[in-house]
Amino acid sequence: MATKEQAEAAAKAATGDSTPIEVRYMPGEIEAKWQARWEAQPDLYAAEPASSEKKKYYVLEMLPYPSGALHMGHVRNYSIGDALARYMWMQGYNVLHPMGWDAFGLPAENAALKNNTPPRQWTLSNIAAMKEQMNRVGFSYDWRNEITTCLPDYYRWNQWFFLRMYERGLAYRKKSKVNWCPQCATVLANEQVVNGCCWRHEEQIVEQRDLEQWFLRITNYAQELLDELSKMDGWPEKVRTMQRNWIGRSEGAEIAFELEDGSDATEEEEKERKKGTAMLPARAGVKGTGQKIKVFTTRVDTIYGATSLQLAPEHALVKEMAASDAGLSDAVAGLLEQQRKAREAGDVGAIEKHGVFTGYYAINPYSGERLPVWVGDYILLDYGTGAIMSVPAHDDRDYEFAKKYGLEIRVVILPRSHGEAAANGDRDLLPYTSEDSLLINSGEFNSMGCEEAQTKMAAYAEAHGFGKATVTFRLKDWGISRQRYWGTPIPMLYCAKDGIVPVPESELPVLLPENVEITQQGGSPLARMPEFVNATCPKCGGKALRETDTMDTFVDSSWYFYRYTDAHNDKAPFATDTVAYWFPIDQYIGGVEHAILHLIYSRFWTKVMRDMGLVKNDEPVERLFTQGMVIRNGAKMSKSKGNVVSPDEMIVRFGADATRMYSLFAAPPDRDLDWQEDGVAGVSRFLSRVYRFAMKHGERARDGAARDTNLSPESQALLRKLHQTIRKITEDFAGRWHFNTCIAAIMELVNALTAAEGAIGAGKVPDAVLGEALRSLTLMLAPFAPYLAFELWEYIGETSDLLRAPWPKFDEALAREEQIEIPVQINGKLRAVVTVGADAGEDTVRDAALKDEKIASLIAGKEIVRMIVVPRKLINIVVK
RNA sequence: GCCCGGAUGGCGGAAUCGGCAGACGCAGCGGACUUAAAAUCCGCAGACCUUUACCGGUCGUGGGGGUUCAAGUCCCCCUCUGGGCACCA
């Protein structure tokens, strides 16, 4: 109901009393009224069960971290999802639109340190505050399925999945490097390492430590994760490209070089051996030690141009060599130190390369030549085999390194146009890396093209037992151990007798203790709680120690959207058939910052669950939408930049409807949005205009009489604009999602309505037409400004539930223009505009154009060379 | 270095398939209402030239070239800018 004041005003207007009584749009009052009503109906936004006859639609926005307050990025993200959910309800779908909390993570521990509040309490009170904000904005979430990842009824299933993966060999333990701050005495997440230093201790350089960690074997799925991408056309190409690069598949070959024994070296060789800058030629009787160095290369075709091997400083063989060579040991330590400092300085690409000769040589299995073995700080231990063959002539990095240390540079491929004549190659060309080339100086492979040589040389290696064609991925297994408190305990035990023993499923969940003391010292507080650490081995009944690491929070978000479909299941993470009804997610909406980690992990998790028989879908998300950032004064809103605008403040000043509608109006949803407060005021003014118009004329919409077929020109014009608007918005929801132009279209419609007020007042627009316009307008506002829409719906006498009221249908005949304006160009320049019937053919248009006075005078005395007539579009007369 | 976006009035943006560039909104200017202001309503509004005015003309979508009757849109080259990855062999 409208306020008393407004009812009076409307009554006066209806009785023809012209005394102006101001009708004011007061979003605060309207929104409070409807919020109270909506909150009294807990099932308002409830999805129907999976047995529903209706077609399902699962729309999902990425769940927030409960930091304590919504920011504008949230409001934008959720306004997009909310508009879509409301639209799909109005289209008659069974809509699932849930929300939850990504509630584990570091900030809770930091807050605990700062305010002496337990992480759980801090997190839960933040959740309560943010939930209230969400309801205040009017988002249509089905809170019955709310999930909170830090509560045992959720995280117990993380543990359950972990055990299932352990059984299948998908979870394993190995040593791995972690960032360690000696002052905090704890491990840091990558995000907490700023310029190589601890985020809390700015002068403290972060160390790398080797720790035993749990890993999930995502690399088992690398190929499938890559292959599926090409079929996922509901995802932005940008995200797919980012994922492809992240997975980083490289085809190449693995080749084993045998270390040379060297004890029977000739005198000449001895001199050279000390320097390690040149190869030793092949000769009969060279002996090997039997020890092999495996290298990975994508360019085995250039192997005759390899003039050294380069090992990563951390390579196991380097450690072995250094063990008996103090000089080498010191040099390698120096390399590592230099490397660490260089990485701190940033700009990895510009870092100068360093290396040390080991004193050893290895035999090129193709040529028999002996290559000096070096340690190069530009070699990554954890990619490929941690060792490469260095081909200075045909690799940028190897070239730089060889120039610096005076290593040999041998050309083995040439551009096809060069022919074999230029046997030594053109030195100005180097490094020359094109694969559109021919081989030279490469024994029996000479004059082959690179690609052919790659295949043949890999086959040769395999036939001779020293190598093979192989595929390498950049993607690494997912380390999930975190030496932190506020996360899911990893359900594993360590028994002196039985080793690593999983916690039996019947003992889940392993509860995260709550009475912890969080201090800045000494890693996870769990390790200092004997009542947590000490346990009994389920195998032998003896003493066992509990794992004190917790899981990466990305585990929580890898499968949360499945839990929404069956959030209260205490027998399983979810029921398979319920998931089969709802999945895949029809539309997922969130920030592009999750393009890689979250969106790869959750794809991986889905495939694991599929292989376990828990789900039937291969991929979790059918369509993905990534909205742009919210920018203000040229930068992303952030506390440090001081350009944050609080949603609460906007809502108080302009109302929730105006705030969320502006977030959709100011830019297309996929682009960055420049926040301008005056723009919010403008949207608020627009809503106010709608409100006042409806209050003035809404009475006349109430009788709902059928429209007369005999329409006045004013009615026709109004209906045309109305149906054009319905068509535009309907088509946009189906495809483009340019909600900014949808809202602009609604504004145009309202402009047309207010412009027609004279005709409306003069009775030239019957109640039926006015009613149709007002009803449809209200329905179209519902996804964008739900509070106002509900208020108007009630005021114009509708009693049905607006949330599920059918979306208006457009009438193509009514939307069609009767007269259209056709621009007339002469030689491509606009000279006149003629008005013709909408379905005028080519001849009619041409005649009209030629008859136009201005056109006639302009072409008088000129020769018409050509005339292009595009019906309904334009006419261009080409004259000479 | 590599891979994606983006660049249109004073500002945010529109132009979905190559067919009237600047929809819609903001800010601005002029007017109405008002004692006044706010609010509201009406109108103007890319730049330049011409003109008392009307009318008219030229230029114009980051820059340069091209294709076409016609280019913000397609092709080639370049600049700036935002983002992602980054010694991945």
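In the text below, chain A, chain B and the rest are named by the order of the sequence lines, each starting its count at 1. Atoms considered below: every heavy atom in the structure, side chains included; atoms not considered: hydrogens, waters and symmetry mates. Predicted model, so just to flag it, every value in this text is computed and none were measured.
The side chain of A/N740 contributes no N or O atom lying less than 4.0 Å from OP1 or OP2 of B/A23. Applying the 4.0 Å criterion to OP1 and OP2 of B/C69, one finds that A/R866 has a side-chain N or O inside that range. Contact check, A/T741 against B/U16: no side-chain N or O comes under 4.0 Å of OP1 or OP2. Distances shorter than 4.0 Å separate none of the side-chain N or O atoms of A/K238 from OP1 or OP2 on B/G6. In this model, the phosphate group of B/A38 is not approached by any side-chain N or O of A/R24 to a distance below 4.0 Å at OP1 or OP2. Considering only side-chain N and O atoms, A/R689 lies under 4.0 angstrom from the phosphate OP1 or OP2 of B/G25.
Annotation for A/V318 and A/V332: closest pair CG1-CG2, 3.8 Å, computed over non-hydrogen atoms. In this structure, A/V239 and A/L599 approach most closely via the heavy-atom pair CG1-CD1, 4.5 Å.
Across all strands shown, B/U51 has no partner, as no Watson-Crick or G-U wobble contact with both distances under 3.5 Å is found. With a cut-off of 3.5 Å on both Watson-Crick or G-U wobble distances, the partner of B/C87 is given as none. Summarising the base pairing, B/G22 is matched to no nucleotide, lacking a Watson-Crick or G-U wobble pair whose two defining distances lie under 3.5 Å. Base pairing of B/C41: its partner is B/G31, meeting the Watson-Crick or G-U wobble criterion (both donor-acceptor distances under 3.5 Å). Across every strand in view, B/C17 sits unpaired, with no contact that passes the Watson-Crick or G-U test at under 3.5 angstrom. The partner of B/G82, taking Watson-Crick or G-U wobble pairs whose two distances both stay under 3.5 Å, is B/C4.
The CZ-P distance, from A/R671 to B/C4, rounds to 19 Å in whole Å. Atom P of nucleotide B/A89 and atom CD1 of A/I388 are separated by 11 Å, given to the nearest angstrom. Atom C1' of nucleotide B/G6 and atom NZ of A/K636 are separated by 18 Å, given to the nearest angstrom. Protein atom CD1 of A/I877 is 14 Å distant from nucleotide atom C1' of B/A70, rounded to whole Å. If you take CG of A/D670 and C1' of B/G13, they are 13 Å apart, rounded to a whole angstrom. The distance from atom CG of A/D301 to atom C1' of B/A89 is 13 Å, rounded to the nearest whole Å. Between A/M661 atom CE and B/C26 atom P there is a gap of 12 Å when expressed in whole angstrom units. Straight-line distance from the CD1 atom of A/I255 to the P atom of B/A89: 16 Å, rounded to whole Å.
The separation of B/C75 from B/C17, taken at their P atoms, amounts to 14 Å, rounded to a whole angstrom. Here the separation of B/U67 from B/C29, taken at their C1' atoms, is 44 Å to the nearest Å. For the P atoms, the distance from B/A36 to B/A32 is 11 Å, rounded to whole Å. Between B/G1 and B/A15, the two P atoms lie 35 Å apart (nearest whole Å). Remark: the separation of the C1' atoms in B/C49 and B/G43 is 26 Å, to the nearest Å. Comparing the same atom, P, in B/G57 and in B/U50 gives a spacing of 16 Å after rounding to whole Å. When the P atom is compared between B/A70 and B/G19, the two are found 14 Å apart, to the nearest whole Å. Spacing of C1' atoms, B/C24 relative to B/G30, comes out at 22 Å, to the nearest Å.
Side-chain atoms of A/A667 lie closest to B/G13 of the nucleotides B/C20, B/G13, B/A23. Among B/G84, B/C11, B/G56, the nucleotide with an atom closest to any side-chain atom of A/Q676 is B/C11. In the set B/A23, B/A89, B/C3, B/C3 carries the atom at the smallest distance from any side-chain atom of A/T241. Across B/C26, B/A89, B/A15, the shortest atom-to-atom separation from the side chain of A/H738 is found for B/A15.
As judged by a 4.0 angstrom heavy-atom cut-off over every strand, A/R831 is placed among residues touching the sugar-phosphate backbone only. Within 4.0 Å (heavy atoms only), A/D672 reaches sugar-phosphate atoms of the nucleic acid but no base atom. Looking at heavy-atom distances under 4.0 Å, A/G682 makes contact with sugar-phosphate atoms alone, never a base. A/Q825 comes within 4.0 angstrom of a base, heavy atoms only. Note on A/R685: only backbone sugar-phosphate atoms sit closer than 4.0 angstrom, heavy atoms only; bases stay farther off. Using a 4.0 Å heavy-atom cutoff across all strands shown, A/N876 reaches at least one base atom of the nucleic acid. Across all strands, A/F665 comes closer than 4.0 Å to base atoms (heavy-atom distances). Contact annotation for A/D732: no contact, since no heavy-atom pair falls under 4.0 Å across all strands.
B/C69 takes the anti form, because its glycosidic angle lies more than 90° either side of 0. In this structure, B/G9 is classed as syn because its glycosidic torsion stays within 90° of zero.
Remark: side-chain polar atoms of A/D377 are not paired, donor with acceptor, to backbone N or O of A/L335 under 3.5 angstrom. Although no hydrogens or angles enter the test, the distance criterion places a donor-acceptor pair under 3.5 Å between the side chain of A/D732 and the main chain of A/W737.
A/W246 carries A/R474 over the face of its six-membered ring, with the cationic atom under 6.0 Å from the centre and within 45° of the normal. A cation-pi geometry, defined here as NZ or CZ lying under 6.0 Å from the six-membered ring centre and within 45° of its normal, does not hold between A/K353 and A/F401.
Between A/Y662 and A/W675, the distance from one ring center to the other falls under 6.0 angstrom.
Using cut-offs of 30° and 60° on the angle between ring planes, the pair A/H598 and A/H594 is perpendicular.
Residue whose closest nucleotide on RNA chain B sits further toward the 5' end, between A/E821 and A/R474: A/E821. Taking the nucleotide of RNA chain B with the nearest heavy atom to each of A/L874 and A/M747, the more 5' of the two is matched to A/L874.
When side chains are defined from C-beta on, A/F693 counts as touching A/I760, because their heavy atoms get closer than 4.5 Å.
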